[in-house]
Amino acid sequence: MRFRFCGDLDCPDWVLAEISTLAKLSSVKMKLLCAQVLKDLLGEGIDYDKVTKLTADAKFESGDVKATVAVLSFIFSSAAKHDVDSESLSSELQQLGLPKEHTTGLCKSYEDKHSALQGKLRETSLRLGRLESVSWRIDYTLSSSELREVNEPLIQLKLQSQGAESGSTETTVVSVSADKFRVLLAELKQAQVRMNALQ
Amino acid sequence: MLLVLSEEHKEHLSFLPQVDAAVVGEFGRIALEFLRRGTSPKIYEGAARKLGVSVEMVQHGVEGLMFLMTESSKHMISEVDFLDSVLVLGFSEELNQILLQLYLQHHAHIRSILSQLPSNQPAYHNLEWRLDVQLASRAVRQQVVPILTLRLLLSGVGDGVCARRGKVLQTDPSTLLHLISTLEGALAAMKSSHARRIFRNIK
């Protein structure tokens, strides 16, 4: 059976198994749990004490609690990833055996946070070496050990970018002569024109 | 199978009958925390002060208890064997039962901690990818070149769970298809009759 929210693939077995665990919660508690999981997915952190309190009524063990959080995270992030609308998500979840009240609660939370989720997922997509800042300085060389009168402007560029490993910053310092800098600027302007044409 | 306890170990554990049952339970808890997070001398000093014995005796008692638990969990010995092994120490019946309860409650957890210990090979942690299309470069305009950028995150390498290293790779669609078919071939090899015969014999 192909499901849109799984990217037109089969639903993973563990998701099927945990949907029956989800059904043990009352639909009100499940809506609150969805809110917690969405907060976690949007990067605001999850309050595990609240989660354990919500699942305490249904007498979940710690394994069940983790499984519930995992399956809700999967459903939300996978549905946002494949840009599934909430009606399709609702019908697919009901096909998998999630009761109607739970599905409506879940899909309402999904619809509210749909664009926020997609924005967050877009931010966390793979980016290599993001440029963080550029600073520059223009010097004027008067003279050097090789030549008594040099009289040339020189640009010092400092580029700060995120390194290949997350969290590290790399600093590159380059000094560019006036002619080379004009070439660099012309090429970058051409690239900017092409980028603007795309948007 | 029976555990064979060394003389030194028996001597360390001989401290346990001198204290009452609640303290043994407390020592059990400290021993398990030791496994999970290591221990601090403050805990030993506090316990030694309360019981009026030397810090060394407390430390040996806790460590002896922890070693007993890890050895039992490592060999997955049954209840009967555990009781027989502990009988050698000559403890009271009540103490034996407490130790047995401690073992039964925690052996699964101890085994999972022990299984995480030998992690010296980098293992797959996560794969992030991005599909781009190169439209132009400084040298050539009007291009259409699809490029797939991958970041393979590996865990392990000595530090245990931490120290994620990421390798950045780039590939074009035809190489990607070849990669996919090779990996699917590897998965299919698990279903071959040769592999199945081996799995059946292991189970």
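Remember, predicted model here, so these are calculated numbers, not experimental data. In what follows, every chain begins at residue 1, and chains take the letters A, B, ... in the order their sequences are listed.
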**Q** Answer yes or no: does atom CG of A/Asn196 have more than 12 heavy-atom neighbours from other residues, nucleotides or ligands under 6.0 Å?
**A**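 Yes - once you tally the heavy atoms of other residues, nucleotides and ligands closer than 6.0 Å, there are more than 12.
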
**Q** Would the number of heavy atoms belonging to other residues, nucleotides or ligands and lying under 6.0 Å from CD of A/Glu44 be above 12?
**A** yes

**Q** Can you tell me how far the CD atom of B/Glu128 sits from the CG atom of A/Leu128, to the nearest 0.5 Å?
**A** 9.5 Å

**Q** Just wondering, are more than 12 heavy atoms of other shown residues or ligands nearer than 6.0 Å to CH2 in A/Trp136?
**A** no

**Q** How long is the gap from CG on B/Leu127 to CG on A/Leu126, to the nearest 0.5 Å?
**A** 9.5 Å

**Q** Counting only heavy atoms not in A/Phe74, do more than 12 sit closer than 6.0 Å to its CZ atom?
**A**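 It does: A/Phe74 CZ has more than 12 such atoms within range.
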
**Q** If you draw a 6.0 Å radius around CZ in B/Arg141, do more than 12 non-hydrogen atoms from other residues or ligands fall strictly inside?
**A**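 Enclosed: over 12 neighbouring heavy atoms sit under 6.0 Å from CZ of B/Arg141.
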
**Q** Rounded to the nearest 0.5 Å, how far apart are CG of A/Leu198 and CG of B/Leu135?
**A** 5.5 Å

**Q** I'd like to know if the side chain of B/Arg138 pairs up with that of A/Gln190 as donor and acceptor (distance under 3.5 Å, no hydrogens or angles considered).
**A**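 No donor-acceptor contact under 3.5 Å links the two side chains.
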
**Q** Are A/Arg127 and B/Arg151 close enough that some pair of their side-chain heavy atoms sits under 4.5 Å apart?
**A**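 No, every pair of side-chain atoms sits at 4.5 Å or beyond.
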
